[in-house]
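Here the structure is laid out as structure tokens; the discussion comes afterwards.
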Amino acid sequence: TKAWPKLAELYEAEIVKMQDVLQQVEMLLRTARVYEEEMQAEDKAIATFRRVLDVEPDNSHAILALDRLYERGQHWKELADILRSEIRLANSDQEIVALQFRLGQLYEQNLHDVDNAIEVYREILTSDPNHGPTLQALELLFAEGVRPIEIAGILEPLYRVAEQWEKLVKIHEVQLDKLTDENERQA
């Protein structure tokens, strides 16, 4: 209806007058909700949630809302930043790993940034060496020939500990091929 834009204007006018940070944050969150849910004005909602974070950088309501809006709008770089904030604020190791995996997938599949994806996957396996989805993601990259030496360096010690000899053999074969190719090129 036509009342929502008027309400948003009133909220915006009140925010400017407010001195108390907590009241400002509360009014900004209300305004952002009106923009997002009632007016479907995602750009204004994003800008308003960002204003919340300018005042209160760890505001979980704004962070989760931006996660949702950035994902919906396919704002991948901004989503990566927000995921890093969520990781920093996560309450459990399990939550951290889940968010890190999301970040790794985002780097790999949406931003096509394999270097950062591999780095995030490495961080996950440092804290949870048996995280199946991360192992599968690295194994798939490895099978596709993406950064095989670097990925082999991550997977090899895990395979040794888990006594996964067949997988270890595949890694050594690729490493040997790379060494052979380099030696032939130098000859």
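Only a predicted model underlies this, so the values are computations on that prediction, with no experimental measurement involved.
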Joint hydrophobic cluster, I63 plus V55, side-chain heavy atoms closer than 4.5 Å | yes
Any chain of hydrophobic side-chain contacts (each under 4.5 Å) joining V21 to V52?
-> yes
Kindly determine whether R30 and R33 satisfy side chain to side chain contact (heavy atoms under 4.5 Å, CB included), including the steps that lead there.
-> CA-CA 5 Å; R30 274 192 220 164; R33 190 193 65 71; 5.7 Å; no
Please tell me if the side chains of E56 and Q24 come closer than 4.5 Å, counting only heavy atoms from C-beta onward.
-> no
Residues L135 and P129: closest non-hydrogen pair is CD1-O, 3.8 Å
Closest non-hydrogen contact found for A45 with A32 is CB-O, 3.8 Å
Find out if a path of hydrophobic residues (ILVMFWY) with successive side-chain heavy-atom gaps under 4.5 Å connects I118 to L140.
-> no
Can you find a heavy atom in the side chain of D128 that is under 4.5 Å from one in the side chain of D93?
-> no
Once you round to the nearest 0.5 Å, how far does CD of E26 lie from CG of D20?
-> 11.0 Å
Rounded distance [0.5 Å steps], CG in L79 versus CG in L111 | 8.5 Å
Closest approach of A117 to G104 (non-hydrogen atoms, all atoms of both residues) | CB-O, 3.5 Å
Mind listing the closest non-hydrogen atom pair of L141 and I151 along with its distance?
-> CB-CD1, 3.6 Å
Roughly how far, to the nearest 0.5 Å, is CD of Q100 from CD of E95?
-> 11.5 Å
A62 versus L53, closest heavy-atom pair with distance = CB-CD2, 3.8 Å
Separation of L66 CG from L69 CG (nearest 0.5 Å) | 6.5 Å
Give a yes or no on whether L155 and W165 share a hydrophobic cluster (residues Ile, Leu, Val, Met, Phe, Trp, Tyr; joining criterion: side-chain heavy atoms under 4.5 Å apart).
-> yes
pair L28-N59: side-chain heavy atoms closer than 4.5 Å = no
Give a yes or no on this: more than 12 heavy atoms of other residues, nucleotides or ligands lie within 6.0 Å of atom NE2 of H131.
-> yes
Taking all heavy atoms of F101 and all of A137, pick out the closest pair and write down the distance.
-> CE1-CB, 4.3 Å
Can you list the steps and then say if R72 with E36 is a side chain to side chain contact (heavy atoms under 4.5 Å, CB included)?
-> CA-CA 12 Å; R72 190 182 313 147; E36 179 184 5; 3.5 Å; yes
In terms of side-chain geometry, is the basic nitrogen of E166 or K170 positioned less than 4.0 Å from the acidic oxygen of its partner?
-> no
Which residue pairs satisfy the side-chain hydrogen bond (donor to acceptor under 3.5 Å, both in side chains) criterion with at least one member in residues 106-116, sequence neighbours excluded?
-> Q105-Q109, E108-Y121, D113-N116, D115-R147
Step by step, would you call E71 with R102 a side chain to side chain contact (heavy atoms under 4.5 Å, CB included)?
-> CA-CA 11 Å; E71 177 127 25; R102 240 184 101 200; 2.8 Å; yes
Is Y35 close to I46 at the side-chain level, that is, under 4.5 Å between some pair of heavy atoms?
-> no
Would you say E144 and E139 make side-chain contact, with heavy atoms under 4.5 Å?
-> no
Any chain of hydrophobic side-chain contacts (each under 4.5 Å) joining L83 to L64?
-> no
Are L29 and F49 side-chain neighbours, meaning at least one heavy-atom pair lies under 4.5 Å?
-> yes
Would you mind listing every side-chain hydrogen bond (donor to acceptor under 3.5 Å, both in side chains) that reaches into residues 73-89, with sequence neighbours excluded?
-> D58-R88
Any H172 side-chain heavy atom under 4.5 Å of L176 side chain = no
Do V97 and E123 come close enough that some side-chain heavy atom pair is under 4.5 Å?
-> no
State which residue, out of V146, L158, I124, I154, fulfils the side chain to side chain contact (heavy atoms under 4.5 Å, CB included) condition with L138.
-> I154
Looking at NZ of K167 and CD of E156, how far apart are the two atoms once the value is rounded to the nearest 0.5 Å?
-> 14.5 Å
